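Step one of this worksheet: look at the structure below.
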Amino acid sequence: MSHLATPFAAAAGLAMLALVAVHGATFLTLRLPAADAAVVGRTARRLVPVALSAVAVATVVGLLSTRVRDAVQRPTLGVLLPVLLVGALLAARAALARRRPGWALVATGAALALPVALVGAALWPYVLVSTTDPAASLTVADAAASTPTLRLLTWVALPLLPALLGFQAMCWWVFRGRTDGRAPVYW
């Protein structure tokens, strides 16, 4: 259990919590009535430096951790993507300051996706790196489904994908405006 509960895991968890808080506040800025959106927008702008600090701490703790440094296969990407993450958060703050919550939501969404890309790119070609035996690490090829399974999934997913995307687009279209208190429920 001690190999899971590390300072880096805690710092990365807090960084993700801060990123989700910024994204959630930005979403509320986009959806709440205009009077409430101004207050939440100020809160979202105040949360951006908290998220930046949490990301910086997680990055430094990761750089100082020998276990993290040993697991990273591509250190250049491990440095480049946190820089992109900081850029996305700064873009979100600028958009919030200009009262552009839609662009801020796009920027915070990118900030939430970048840690996933960071881990995937930094560990490639591994999916899971063993902390006890490097030979026991799981590669992408080992983790992938077999060819018959992928073929079956393709035939099942192909007709369902347009329906799922259409339903998602319809939901976003129906609930595109700000809430106004008339409906008892709102997604």
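None of the values given here were measured: they were computed from a predicted structure. For the numbers below, each heavy atom of this structure counts, side chains included, while hydrogens, waters and symmetry mates do not.
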Inset, instruction - State plainly whether one hydrophobic cluster holds both Leu112 and Leu118, where clusters connect Ile, Leu, Val, Met, Phe, Trp and Tyr through side-chain heavy atoms under 4.5 angstrom apart. - result: yes
Contacts under 3.5 angstrom, residues 81-110 side chains, donor-acceptor by atom type, not counting sequence neighbours:
unit_1: Arg93; atom_1: NH1; unit_2: Arg45; atom_2: O; d: 2.9
unit_1: Thr108; atom_1: OG1; unit_2: His23; atom_2: ND1; d: 2.7
unit_1: Thr108; atom_1: OG1; unit_2: Ala104; atom_2: O; d: 3.2
unit_1: Thr108; atom_1: OG1; unit_2: Leu105; atom_2: O; d: 3.1

Inset, instruction - Establish whether Val48 and Met16 are linked, either directly or via other cluster members, by ILVMFWY side-chain heavy-atom contacts under 4.5 Å. - result: yes
Inset, instruction - Please list, chain by chain and in numerical order, all residues satisfying side chain to side chain donor-acceptor pair (under 3.5 Å) with Asp36, sequence neighbours excluded. - result: none
Legend entry - Heavy-atom pair with the smallest gap, counting every atom of Pro159 and Val156: CD-O, 3.4 Å
Legend entry - Inter-residue atom distance Leu161.CG - Leu165.CG, 0.5 Å rounding: 4.5 Å
Inset, instruction - Flag yes if Val55 and Val50 sit in one hydrophobic cluster, no otherwise; membership is Ile, Leu, Val, Met, Phe, Trp, Tyr, and two members link when side-chain heavy atoms are under 4.5 Å apart. - result: no
Inset, instruction - Indicate the atoms forming the closest heavy-atom contact of Asp142 with Leu138, along with that distance. - result: CB-CD1, 3.6 Å
Inset, instruction - Is it possible for you to say whether Leu152 and Leu160 belong to one hydrophobic cluster, with membership spreading through side-chain heavy-atom contacts below 4.5 Å? - result: yes
Inset, instruction - Indicate the atoms forming the closest heavy-atom contact of Gln73 with Trp124, along with that distance. - result: CB-O, 3.2 Å
Inset, instruction - Output the rest of the hydrophobic cluster of Leu32: all Ile, Leu, Val, Met, Phe, Trp and Tyr residues reachable through side-chain heavy-atom contacts under 4.5 Å, sorted by chain and number. - result: Leu28, Val40
Legend entry - Min side-chain heavy-atom separation Leu19-Pro115 under 4.5 Å: yes
Legend entry - Leu114-Val20 co-clustered via ILVMFWY side chain contacts under 4.5 Å: yes
Legend entry - Contact summary for Ala51 and Ala18, nearest pair of heavy atoms: CA-CB, 3.7 Å
Legend entry - Closest heavy-atom pair and its distance - Pro7, Val61: C-CG1, 3.8 Å
Inset, instruction - Decide yes or no for Thr26 and Leu30: does some side-chain heavy atom of the first lie under 4.5 Å from some side-chain heavy atom of the second? - result: no
